[in-house]
*Asks:* 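Have a look at this one before I ask anything.
Lettering of chains follows the sequences in order, A, B, ..., and the numbering in each one begins at 1.
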Amino acid sequence: MLDIRQILADPGAVQKALQNRRETLSLESVLSGEQELSALRKRWEALREQRNRLAEEIGRKKRNGEDVSARMEESRSVNTEIASLESELRKREEELQTQLLLLPNIPHDSVPVGSDERDNPEVHRRGSPRSFPYEPLPHWEIGARLGILDFDRAAILSGSRFSVLRGMGSRLERALSAYMLDQHTGTGKDRPSGKPYTEVSVPLLVRGEMLEGTGQFPKFREESFAVPEDSLFLIPTAEVPVTNLHRESILDEAELPIKYVSCTPCFRREAGAAGKDTRGLIRQHQFLKVELVWITRPETSYDDHEELTRDAEGILEGLGLPYRRISLCTGDIGFSSAKTYDLEVWMPAQGVYREISSCSNFESFQSRRAEIRYRPRDTKKPRSVHTLNGSGLAVGRTIAAILENFQEQDGSVTIPDVLVPYMGGVRRISPPGS
RNA sequence: GGAGAGGUGGCCGAGUGGUCGAAGGCGUCCGCCUGCUAAGCGGAUGUGGGGCUAAAACCCCACCGAGGGUUCGAAUCCCUCCCUCUCCGCCA
């Protein structure tokens, strides 16, 4: 959520930012709504003051045995006025709040202006794609031939966009999760932030307020799987429970940055994605993801964002997967984000780079919604923290990338060296019977 | 699921209708004292919004789990919901 004072201070700049985002919302009704609200609020406060004074006077006089019936009558009439004002006030407040919750974050100055994904500049490329002496197979073919990936059975269990991993496929998922978690909980000592990530295991079902806190609600409600019977929602990413871990609290500056890593299944309805990426592990209703979350100070958040992104890149480099980093332009950046880098891994069968991680700085957009603040050492007055997160990495897509990049002509797949210990020493997954 | 107890400031905890934004303690900060540290002594210390101001001081409004209600007046009484704890039952 944007700070209403920031909007008031420079509505032109905010409107400009919305335009850059290709967002058609206008600030006019927000501005007029806020103006009316503040007038109503002042009137209401004055009446409350009057009522409080009367109540105090009545109490005092009563103790002295004086007659207070006239004052009580007066107070009653003030109360009816307060009540009518209050209902109006509440209505206006809700209207304004609804509008504010639908306003996206303002992109950082360093974010390139652009219309859509075609305008996302590449920051850098690492690793070189292998050249294949044959037509490389897509990962779903490889997985099926190896007997480790089964979409047909998953469809019977749960419908489309679900998968079953079997044998070494399932083991590969576990190995990747463990490798990533180990890397992140081990990194940091030699970094500017000076500390490794703390691993957390969190609930996969959360209340709606948590999703509002991180920005998924109210705008993207239809993207979430719901359990209406219990008013709970399946998390679309670990970002939601992990960031909200510190909701409604004031942290000590000395605690910052707080760095978490969490491996969870993620659940997405993919409501707007009908017919898109219908094959393979790329777009599933359920997938495993290792998520990095930082809660940090505003002064360092952009340096921290670079560091977080480097941490995610470290996994791709460790696995030997070719990838590139792109910087999302104003027209493509996510609703809650002020700046986002996407990491895209090379997928040989399609001959394209595909998103495997998205690393964002939300500045105080989430922390204002979730009320996560810290007390600066010098000023003592609480300030909103900045929150960051990024995938480190999406495990399902990493499996897909490994199968495609490290496939061999005989149908086998070579396991990256760093994963071998996690695979129980297995260096290669081979087709059954070979 | 059944029975009971309870949710108060950064933390612990007192407070059953007005003088309570809230005793006391811990913590934190400032000062004093003291070879150092600790202890001791004195003072300060909730959050959000508004007014005034150069900035403060100061003043006003709201907040004692959330939302309603009763009342001139609610942390305190009533209702609903959420959560925590104890015991019993069930269970990975």
*Asks:* May I ask which nucleotide in the shown strands pairs with B:U70, Watson-Crick or G-U wobble, both distances under 3.5 Å?
*Replies:* none
*Asks:* Under the side chain to side chain donor-acceptor pair (under 3.5 Å) rule, what pairs show up with a residue in residues 217-229 of chain A, not counting sequence neighbours?
*Replies:* none
*Asks:* Scan every strand shown for a Watson-Crick or G-U wobble partner of B:C91, both distances under 3.5 Å, and answer none if you come up empty.
*Replies:* none
*Asks:* Using the P atom as the point on both nucleotides, what is the distance between B:G10 and B:G46, in whole Å?
*Replies:* 10 Å
*Asks:* Just the rounded figure in Å: distance from C1' of B:C60 to CD1 of A:I82.
*Replies:* 14 Å
*Asks:* What does the B/S/- profile of nucleotides 62-79 of chain B look like, 5' to 3', with a 4.0 Å heavy-atom cutoff to protein?
*Replies:* S-----S---BS------
*Asks:* For B:G9 versus B:G4, give the span between their C1' atoms, rounded off to a whole number of Å.
*Replies:* 29 Å
*Asks:* Evaluate the ring planes of A:H285 and A:F162, with Trp represented by its six-membered ring, and classify them as parallel (under 30°), tilted (30 to 60°) or perpendicular (over 60°).
*Replies:* tilted
*Asks:* Check whether any side-chain nitrogen or oxygen of A:R375 sits under 4.0 Å from OP1 or OP2 of B:U28, and answer yes or no.
*Replies:* no
*Asks:* Can you tell me the base-pairing partner of B:G42? Count Watson-Crick or G-U wobble geometry only, both distances below 3.5 Å, and say none if there is no partner.
*Replies:* B:C30
*Asks:* Closer than 4.0 Å, any side-chain N/O of A:K381 to the OP1 or OP2 of B:G48?
*Replies:* yes
*Asks:* Whom does B:G9 pair with, Watson-Crick or G-U wobble, provided both distances fall under 3.5 Å?
*Replies:* none
*Asks:* Looking across every strand, which nucleic acid part, if any, lies under 4.0 Å from A:R43 by heavy atom: base, sugar-phosphate, or nothing?
*Replies:* nothing
*Asks:* Could you tabulate the donor-acceptor pairs under 3.5 Å formed by side-chain atoms of residues 236-243 of chain A, not counting sequence neighbours?
*Replies:*
residue, atom, partner, partner atom, Å
A:T237, OG1, A:E239, N, 3.0
A:T237, OG1, A:K289, NZ, 2.9
A:E239, OE1, A:N389, ND2, 3.3
A:E239, OE2, A:Q366, NE2, 2.9
A:E239, OE2, A:N389, ND2, 3.4
A:T243, OG1, A:E239, O, 2.7

*Asks:* Which whole number of Å gives the distance between the C1' atom of B:G7 and that of B:G67?
*Replies:* 16 Å
*Asks:* How far does the C1' atom of B:G21 sit from the matching atom of B:C60, given to the nearest Å?
*Replies:* 14 Å
*Asks:* Atom CD of A:E253 and atom P of B:G10: how far apart are they, to the nearest Å?
*Replies:* 18 Å
*Asks:* Given atom CD of A:Q35 and atom P of B:G49, what is their separation to the nearest angstrom?
*Replies:* 19 Å
*Asks:* Going by atom types only, do A:N79 and A:R76 share a side-chain donor-acceptor pair under 3.5 Å?
*Replies:* no
*Asks:* Using the P atoms only, state how far B:G65 lies from B:C88, rounded to an integer number of Å.
*Replies:* 30 Å
*Asks:* Using atom C1' of each nucleotide, how far apart are B:C87 and B:U28 to the nearest Å?
*Replies:* 40 Å
*Asks:* Can you give each donor-acceptor pair under 3.5 Å made by side-chain atoms of residues 99-107 of chain A, sequence neighbours left out, with the distance rounded to 0.1 Å?
*Replies:*
residue, atom, partner, partner atom, Å
A:Q99, OE1, A:S29, OG, 2.4
A:N105, ND2, A:S336, O, 3.0
A:N105, ND2, A:F362, O, 3.2

*Asks:* Strictly by Watson-Crick or wobble contacts shorter than 3.5 Å, is anything paired with B:A3, and which nucleotide is it?
*Replies:* B:U86
*Asks:* For the P atoms, the ones on B:G1 and on B:G17, what distance do you get once it is rounded to whole angstrom?
*Replies:* 36 Å
*Asks:* Contact class for A:R41 (heavy atom, under 4.0 Å): base, sugar-phosphate, or nothing?
*Replies:* nothing
*Asks:* With side-chain hydrogen bond (donor to acceptor under 3.5 Å, both in side chains) as the test, would you mind laying out the steps for A:S430 and A:S412 before giving the verdict?
*Replies:* CA-CA 4 Å; A:S430 300; A:S412 69; 4.8 Å; no
*Asks:* Excluding sequence neighbours, so at least two apart, what forms side chain to side chain contact (heavy atoms under 4.5 Å, CB included) with A:A312?
*Replies:* A:L343, A:S357, A:C359, A:L393
*Asks:* Kindly point out which of B:G51, B:U47, B:C82 is positioned nearest to the side chain of A:R207?
*Replies:* B:C82
*Asks:* Which residues satisfy the side-chain hydrogen bond (donor to acceptor under 3.5 Å, both in side chains) test with A:H305, sequence neighbours excluded?
*Replies:* none
